[in-house]
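Below you'll find the structure, written out as C-alpha cells, and then a few comments.
Order of the sequence lines sets the chain letters (A, B, ...), proteins ahead of strands, with each chain counted from 1.
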Amino acid sequence: MKKFDDILRKSEEIKDYTIFDVNLEWNQFSAMLENNLDHQSNPISTSEVFSIEDKRHIIYLLSFAAVMILVFASLFLFSKSESNESELISKSDSESIELIDGTKINVSPNSTLKYYTNLEYKEQRFVSLQGSGQFDVSRSILPFIVYHNEIFVEVLGTSFKILQESDKIKIVNISGTVKVGEIKNKDNFRILKEGDVFHYSDGLFINPADSISNKSINAYTPAPLNKEIENSKPVPEKNKEENTAIALKGRKYTLESVINNYLIKFNKKKIKIDKKAKPDLNKIITIDDINKPYKSILEDLKQQGVIDFISGDCPDCFIIRSPEKKN
Amino acid sequence: MSKAFENIKDFELVFKEYYNPLINFVNRYLSNFENSREVVQMTFVKVWENRLNLHIKTSVKSYLYQSAKNTMIDFIRKNKIIFNATEFDGSLSNSLLDDNPDQLDPYIIKNAVETALKNVKPKAREIFSLHKFEGLTYQEIAEYLNISKRSVEDNVAKTLKILKDQLKNHPDLYE
C-alpha cells in the first residue's frame, strides 16, 4: 500500500498533464510509416495503393517532361551554335571572305578560319585561326578577337596580319592599334601601334626591330614607325645564332614577368622590393627552371646583373634592390 | 535488435505506452505541445528506421528517454530563433545534462494513473481526486458534494481497487 501511495504522490507532482489519444496518434503514425518508411512489413490499403500509384505516375510524367526539356534545349542550343558559326578551310590557294559585319579576311593556304555568321545577342566578335591570315576589321562597338594557338589579338577596327612561322607567330599591325596577348596569361600582352611587328614564341613577345640593332631584346619598346612592313630588313644571321644560344641555356622571360608572376606572386611574405630599387623590368633574362627555389632564381638574376638582393628581417626573406653598378 | 521493436505490433505497444509520457516530458522544456508532439514523433520515426541496427543495452525506457532528449536538443538547435536563451532557466537547461532516465518516471506514473482513472465513473473520479490529490477529508467531500460520508468512502475504495488492478502489471511502477 505504501508503494501505491507513493505512486499516487508522484503522480500528483506532474501538473498540466495532457493526454493525447494514443490510438488516433498511432493510426496517423503507422500510416506515415506505411507510406514513407516500411512498405514491406506493413500492409497497404487499397486507397494508399492508388495514392502511391498516382505519385509514381506523376514522378514518371515529371521525369519525362524534364528529359524532353533537356533534349529540346540541347537541340535548340546545338542548332543555334550551328547557325552562328561557320568554318573556312583554304588548301592550296588563299581564300577571301567578307563577314556579316563587313570584316574582310584573307586566309592563307593550308589555314583554317572559324567565323561568326550571326552577331545577335553577342557582345564580342570571335574568330579562331589556324595558320596565317590577314584581317581588315570593320569598325564596330563589338571588340573583334582572333584566337590563334596560344595568343589572342583584340581590336576594334584595324588591319593586321597573323603569320604562322615555323616556331613562332608573327603579328604585323598594318593600321590602327591592336592588343596581342597570351590566352593562358592575359596579363602578358602588348599593344601594337601602326607598323609594329612582334614575334611571339614561348610566352615572349619580341620586337625583331630591336634585335636588328643588336640592343638588348626589349619587348616593351615599340618598333619605329615603318609602313613598309613587308620590306623590313631580315634579322642578320649573327643575331639569329645569338638568340638560339640564349634559348639553349633556358627559357627567356622579362624581368618584370619573373618578379611579378613568380617571385612575388608565390612568395609574398618572403620577397619584398626595396622602394628605391629601379631594376630595368624590360630586361630579358634566362631562367633554366622557373620552378626551382626562389633563392636560386634570385641568385640567377643577380648573376645576370639585372638585380641585387639582401637578406630581409625574417629567415629566408630577401629584399630586391637595384643591381650594383659596374665600374 | 531489441525485442520491443521486432515487429510492428510490439512497436505499437511501446508507442502507446510511452507516447504521452514523452510528450509531456519534452513539453516541460519546449512549453508547446505541438512542438513536443513533433519531437516525439520524430523520435519514434528514428527508432523505427534504425530498429534493425539497434542494440539496446539498458531498457526501452532508457533508450526512448535518451533518444527523445537528443531529438529535442537537435530541434532546439534548429529553431534557435524560436527558443532564445531567455526561455530556458538555469535548472531546466541543467536538467538536460542529466542522463538519468528516471526523470521520465513521474510522467509514466501520471500517465498510468490518468489512463486508469478514465475507466472510473466521473463521479467516483471526482471524489477520488478530491481525496487523494486535493487532500480533502471524507467528511469535507461529503459536505461539499452533499452526499453521505459512507458513499464517499465506498467510491474511494472502489476507485483504488480499479487503479491497483490496472497498475499492478505496469512494468515501470512495481519493480
Testing the basics here: between Glu114(B) and Tyr17(A), what is the closest heavy-atom pair and its distance to 0.1 Å?
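Heavy atoms only, the tightest pair is CG-CD2, 4.3 Å.
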[X] atom [atom1]: more than 12 heavy-atom contacts under 6.0 Å:
{"X": "Lys292(A)", "atom1": "NZ", "result": "yes"}
{"X": "Lys114(A)", "atom1": "NZ", "result": "no"}
{"X": "Arg125(B)", "atom1": "CZ", "result": "yes"}
{"X": "Lys46(B)", "atom1": "NZ", "result": "yes"}
{"X": "Lys16(B)", "atom1": "NZ", "result": "yes"}

What's the spacing between [X] [atom1] and [Y] [atom2] if we round to 0.5 Å?
{"X": "Ser30(A)", "Y": "Trp48(B)", "atom1": "OG", "atom2": "CH2", "answer": "10.0 Å"}
{"X": "Ile19(A)", "Y": "Thr115(B)", "atom1": "CD1", "atom2": "OG1", "answer": "4.5 Å"}
{"X": "Trp26(A)", "Y": "Tyr19(B)", "atom1": "CH2", "atom2": "OH", "answer": "11.5 Å"}
{"X": "Asn20(B)", "Y": "Asp21(A)", "atom1": "CG", "atom2": "CG", "answer": "9.0 Å"}
{"X": "Glu12(B)", "Y": "Asn23(A)", "atom1": "CD", "atom2": "CG", "answer": "7.5 Å"}
{"X": "Arg37(B)", "Y": "Glu25(A)", "atom1": "CZ", "atom2": "CD", "answer": "4.0 Å"}

Phe128(B) portion near chain A, given a 4.5 angstrom heavy-atom threshold
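Just its side chain gets close to chain A.
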Could you look at Asn111(B) and say if it's the side chain, the backbone, both or neither that has a heavy atom under 4.5 Å from chain A?
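Both backbone and side chain.
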